[in-house]
Chemist: 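Before anything else, here's the structure in question.
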Amino acid sequence: MAAYKSELIETLTSRGFLHQCTNLEGLDAKAAAGVVTGYIGFDATADSLHVGHLVQIMALRWMQKTGQRPIALMGGGTTKVGDPSGKDESRRLMDDATIMANITSIRQSFDRFLTFGSGPQDAILANNADWLDKLQYIPFLRDIGRHFTINRMLTMDSVKLRLEREQPLTFLEFNYMILQGYDFVELHRRHGCTLQLGGSDQWGNIIQGVELGRRIAEAELFGFTCPLITTASGAKMGKTASGAVWLKAERFSPYDYYQYWRNSDDADVGRFLKLFTDLPLDEIARLEKLAGSEINEAKKVLALETTRLLHGDAAANDAAETARKTFEQGGIGDDLPTIDMTAADFAAGIPAWSLFQKAGLADSNGEARRLIRGGGAKLNDQKLDDENLSITASTAVNGVIKLSAGKKRHAIVKVG
RNA sequence: GGAGGGAUGGCCGAGCGGUCAAUGGCAGCAGACUGUAAAUCUGCCGACUUAUGUCUACGAAGGUUCGAAUCCUUCUCCCUCCA
């Protein structure tokens, strides 16, 4: 029944990972015949990746699960240059120490999704600083630079868009695609890597690598891009009120992560289950059929599965349990954001607006006041009308005060 | 090097001496409706213990004026054209 010979391509296509491929049949045949080593590059611009990177990470995960060998390439070198793709402005230059620290931090997330090691199918973690840092300008220009034409480079979207929008593009950034192309060839030399995956915005960069490989290594390299995942309402994934949806628990708690997925658009559920969970397709097909409010069951599965992958069973179950208690019983779950205060803090009474601000439900005192005035605040599940209400330790029930901003954002204050 | 144009709140984008914390749109938050969904409608949306109050803010620094985001000078950065 499979349309493709290899499990890899069959899986990636049926789950919605394919956007463009340089030679799908060729890659399919190669993957069916033996182990293909493929990589995806990640820039180290922050100490954590975010949901926007998840498609790529899942693609690597499927590579490994279908018997191929994935490489996660950390852009220790390229991050110093900055990828102009899809950006109007240059990124601020980052120093080595920050980049190294980011790489160390990001590496932890990969351990959740991939098995690293030295076996034939173990994933490899590479860092392009290992070769890019050592490049010598003149030799590099002569060996690599001569294979790139300015004519061609100017037609690349990343460059063209910048120019069309009259935004400056520095020579530094202009070199990014050359370095990325070189990465591909270098990974081919070092690890026999013949495939580069990436987001659809990386197509141009990937092509450059494929062509460079053909010219200087006489290798047939493959490029494969994943679609840019947007929500049904057209927004890029991963933006919430509090900022990006980070993969690192310290930046974005497992409970918040669970809630992020739990609140997915109806129209996105099936697609997300395929892309972001390991669930078998027939199971997903069953969940997709749920209509009306029943689709909430599918959303719970989506939230639980995605959270399990990233944070593990225990954290996922805790998050699900907290959500269940909070939303289905109107109670209090352990995973809700919590602040600790002492009875002494309450000795003189704390105004309600101040407590909301302290609990993180409002960014400023004024915002807390507006929230209460607007009728969106609850104290122990009772609507709060008086923003100046003086709250004392006696407000606590079993040592805990529950604050709510709207229906979804809750926090608890522990009075100890 | 020369000539023009531009820099406004998270973003886009009006304003061009007072009535400007600054029109409008987007994003965001809340309310209603619901299913912890979408769409829609409504309110809010610089900070300050909230005030017909104060402070901070229209690239930076000075200046003119009773009064400046708006005028002048210098500076910084960006864009376009010419060399």
Side-chain angles (χ1 to χ4, degrees), chain A residues 86-90 92 161-170 173 230-245 255-273 287-288 290-304 306-307 319-333 335-337 348-379 381 383-391 403-411:
Chain A
K87 298 182 191 63
D88 264 0
E89 289 175 16
S90 313
R92 253 208 349 255
L161 292 175
R162 261 302 172 86
L163 296 179
E164 278 174 4
R165 307 186 109 205
E166 303 188 346
Q167 298 294 333
L169 175 74
T170 62
E173 297 169 281
T230 55
T231 65
S233 36
K236 259 191 208 166
M237 275 192 78
K239 288 283 177 186
T240 68
S242 37
V245 177
Y255 168 72
D256 286 332
Y257 192 72
Y258 178 94
Q259 281 297 310
Y260 172 76
W261 294 104
R262 177 62 249 266
N263 283 305
S264 292
D265 233 279
D266 284 10
D268 288 328
V269 175
R271 194 162 49 107
F272 286 0
L273 281 167
L287 292 168
E288 272 185 299
L290 297 173
S293 63
E294 285 187 347
I295 201 168
N296 282 318
E297 294 310 310
K299 290 186 188 178
K300 283 181 201 167
V301 172
L302 173 65
L304 186 66
T306 48
T307 310
E321 182 59 11
T322 290
R324 198 183 62 76
K325 279 186 188 163
T326 308
F327 290 97
E328 293 176 24
Q329 298 183 341
I332 294 173
D335 267 12
L336 291 178
I350 297 178
W353 51 262
S354 176
L355 200 57
F356 273 83
Q357 189 274 127
K358 284 185 181 19
L361 293 178
D363 288 337
S364 70
N365 292 333
E367 190 181 312
R369 284 172 181 281
R370 277 182 241 119
L371 174 71
I372 299 170
R373 277 184 210 170
K378 290 200 190 102
L379 175 68
D381 295 313
K383 186 176 172 192
L384 183 59
D385 293 313
D386 180 6
E387 67 200 58
N388 291 311
L389 181 70
S390 180
I391 295 174
L403 302 177
S404 311
K407 294 184 195 111
K408 294 187 196 167
R409 297 157 58 221
H410 307 277

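The sequence lines fix the lettering, A, B, ..., with proteins before strands; numbering per chain opens at 1.
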Chemist: Measure from CG on A:Asp335 to P on B:U36 and round the result to the nearest Å.
Modeler: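 Value for this atom pair: 20 Å.
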
Chemist: Identify whether the distance between the nearest side-chain nitrogen and carboxylate oxygen of A:Glu321 and A:Arg324 falls below 4.0 Å.
Modeler: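 A salt bridge is present here (some side-chain N lies under 4.0 Å from a carboxylate O).
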
Chemist: Under 4.0 Å between a side-chain N/O of A:Asn365 and OP1 or OP2 of B:U49, yes or no?
Modeler: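 Answer yes for this pair, as a side-chain N or O of A:Asn365 is under 4.0 Å from OP1 or OP2.
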
Chemist: What I'd like to find out is whether the side chain of A:Lys299 reaches to under 4.5 Å of the side chain of A:Asn263, using heavy atoms alone.
Modeler: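 Not touching, per the 4.5 Å side-chain cut-off.
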
Chemist: Check the distance between B:U34's C1' and A:Lys299's NZ and give it to me in whole angstrom.
Modeler: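 From A:Lys299 NZ to B:U34 C1': 11 Å.
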
Chemist: For residues A:Tyr255 and A:His410, establish whether the separation of their ring centroids is below 6.0 Å.
Modeler: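 Between A:His410 and A:Tyr255, which both carry aromatic rings, the centre distance is not below 6.0 Å.
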
Chemist: Nearest of B:U50, B:U36, B:G35 to any side-chain atom of A:Arg369?
Modeler: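 Minimum distance to the A:Arg369 side chain belongs to B:U50.
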
Chemist: Taking atom P of B:U36 as reference, at what distance in whole Å does atom CG of A:Leu302 sit?
Modeler: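 A:Leu302 atom CG is separated from B:U36 atom P by 17 Å.
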
Chemist: Assign each of A:Glu328 and A:Leu371 to its nearest nucleotide of RNA chain B by heavy atoms, then name whichever residue's nucleotide is nearer the 5' end.
Modeler: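 Comparing both residues, the 5'-ward one is A:Leu371.
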
Chemist: Is there a donor-acceptor pair under 3.5 Å between the side chain of A:Thr326 and the backbone N or O of A:Ala323?
Modeler: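 Side chain of A:Thr326 to backbone of A:Ala323, a donor-acceptor pair under 3.5 Å: no, none is there.
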
Chemist: Quick check: closest heavy atoms across A:Tyr258 and A:Ala319, and the distance to 0.1 Å?
Modeler: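 The answer is CB-CB, 3.7 Å.
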
Chemist: Show the numbers, then the answer: is there a salt bridge (Lys or Arg N to Asp or Glu O under 4.0 Å) between A:Glu297 and A:Lys300?
Modeler: CA-CA 5 Å; A:Glu297 294 310 310; A:Lys300 283 181 201 167; 3.4 Å; yes

Chemist: Of all the heavy-atom pairs spanning A:Leu389 and A:Leu379, show the shortest one and how long it is.
Modeler: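 Shortest heavy-atom contact: CD2-CD2, 4.0 Å.
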
Chemist: If we take the P atom in both B:A68 and B:C58, what is their distance in whole Å?
Modeler: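 Straight-line distance between the two P atoms is 13 Å.
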
Chemist: So, for A:Tyr257 and A:Val245, which heavy atoms are closest and what is the spacing to 0.1 Å?
Modeler: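 Result for this residue pair: CD1-CG1, 3.9 Å.
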
Chemist: Check every atom of B:U49, B:A37, B:G35 against the side chain of A:Ser293 and return the nucleotide holding the closest atom.
Modeler: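 Out of B:U49, B:A37, B:G35, the nucleotide with an atom closest to A:Ser293's side chain is B:G35.
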
Chemist: Taking a pair as Watson-Crick (N1 to N3 plus N6-O4 or O6-N4) or G-U wobble (N1-O2 and O6-N3), both under 3.5 Å, which stems of 3 or more consecutive pairs involve RNA chain B?
Modeler: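 Stem segments, range with range: B:1-7 with B:76-82, B:10-12 with B:24-26, B:28-32 with B:40-44, B:46-48 with B:53-55, B:59-63 with B:71-75.
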
Chemist: May I have the distance from A:Ile391 (atom CD1) to B:U49 (atom C1'), rounded to whole angstrom?
Modeler: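 Those two atoms, CD1 and C1', are 14 Å apart.
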
Chemist: Take A:Gly375 and A:Gln357, find for each the nucleotide of RNA chain B with the closest heavy atom, and name the residue whose nucleotide sits nearer the 5' end.
Modeler: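 On the 5' side of the pair lies A:Gly375.
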
Chemist: So, is A:Arg262 near the phosphate of B:A37, with a side-chain N or O under 4.0 Å from OP1 or OP2?
Modeler: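 Checking B:A37 against A:Arg262, no side-chain N or O comes under 4.0 Å of OP1 or OP2.
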
Chemist: Please tell me which of the listed nucleotides, B:U49, B:U50, B:A37, lies nearest to the side chain of A:Asp265?
Modeler: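 Shortest atom-to-atom distance from the side chain points to B:A37.
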
Chemist: Do A:Asp381 and A:Lys378 meet the salt-bridge criterion of a basic N to acidic O distance under 4.0 Å?
Modeler: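 Looking at A:Asp381 together with A:Lys378, the answer is no, because their closest N to O distance does not fall below 4.0 Å.
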
Chemist: Using whole Å, what does the distance between atom C1' of nucleotide B:C29 and atom CZ of A:Phe356 come to?
Modeler: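 So the CZ-C1' distance, A:Phe356 to B:C29, works out to 14 Å.
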
Chemist: In whole Å, what is the span from the CH2 atom of A:Trp353 to the P atom of B:A47?
Modeler: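 In whole Å, B:A47 P lies 13 Å from A:Trp353 CH2.
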
Chemist: Please report the distance separating the C1' of B:C41 from the corresponding atom of B:U52, rounded so that it comes out in whole Å.
Modeler: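 Result for the C1' pair: 32 Å, nearest Å.
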
Chemist: Could you tell me how far B:U40 sits from B:C55 if I compare only their P atoms? Round to whole Å.
Modeler: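 Between the two P atoms, the distance is 42 Å.
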
Chemist: Expressed as a whole number of angstroms, how long is the span from A:Arg373:CZ to B:U49:C1'?
Modeler: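 One finds 11 Å between C1' of B:U49 and CZ of A:Arg373, rounded.
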
Chemist: Report yes if at least one side-chain N or O of A:Arg409 is closer than 4.0 Å to OP1 or OP2 of B:G28; otherwise report no.
Modeler: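 Checking B:G28 against A:Arg409, no side-chain N or O comes under 4.0 Å of OP1 or OP2.
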
Chemist: Using the C1' atom in both, what is the distance from B:A69 to B:C16, to the nearest Å?
Modeler: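 Looking at atom C1' only, B:A69 and B:C16 are 9 Å apart.
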
Chemist: Quote, to the nearest angstrom, the P distance that separates B:G46 from B:U23.
Modeler: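 It comes out at 9 Å once rounded to the nearest Å.
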
Chemist: The side chain of A:Gln259 is closest to which nucleotide in this list: B:G35, B:U36, B:C44?
Modeler: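 That would be B:U36.
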
Chemist: Reckon A:Ala267 touches a base, only the sugar-phosphate, or nothing at all at heavy-atom distances under 4.0 Å?
Modeler: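 It contacts nothing in the nucleic acid.
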
Chemist: Would you indicate which nucleotide in B:G35, B:A47, B:U49 comes nearest to any side-chain atom of A:Ser364?
Modeler: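 Ranking B:G35, B:A47, B:U49 by closest atom to the A:Ser364 side chain puts B:A47 first.
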
Chemist: Using the C1' atom on both, measure B:G35 against B:C45 and round to a whole Å.
Modeler: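 Comparing C1' positions in B:G35 and B:C45 gives a spacing of 28 Å.
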
Chemist: Using the C1' atom in both, what is the distance from B:U73 to B:G25, to the nearest Å?
Modeler: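 It comes out at 36 Å once rounded to the nearest Å.
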
Chemist: Would you please confirm or rule out a distance under 4.0 Å between OP1 or OP2 of B:A37 and any side-chain N or O of A:Lys408?
Modeler: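 Yes, within the criterion.
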
Chemist: Nearest to the A:Asp266 side chain among B:U36, B:A47, B:A37, which nucleotide is it?
Modeler: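 Closest nucleotide among those given: B:A37.
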
Chemist: Minimum heavy-atom separation for A:Ala377 to A:Ile372, with atom names?
Modeler: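 Closest pair (atom of A:Ala377, atom of A:Ile372, distance): CB-CG1, 3.7 Å.
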
Chemist: Of the listed nucleotides (B:U34, B:A38, B:A47), which one gets closest to any side-chain atom of A:Lys407?
Modeler: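 For A:Lys407, the side-chain atoms sit closest to B:U34.
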
Chemist: Over all strands shown, is A:Ser264 touching base, sugar-phosphate only, or nothing at heavy-atom distances under 4.0 angstrom?
Modeler: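 Sugar-phosphate, backbone atoms only, no base.
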
Chemist: Just how far, in rounded Å, is P of B:G28 from CG of A:Asp363?
Modeler: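 The answer, rounded to whole Å, is 15 Å.
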
Chemist: I'd like the P distance from B:G15 over to B:U70, given in whole Å.
Modeler: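 Approximately 15 Å lies between the P atom of B:U70 and that of B:G15.
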
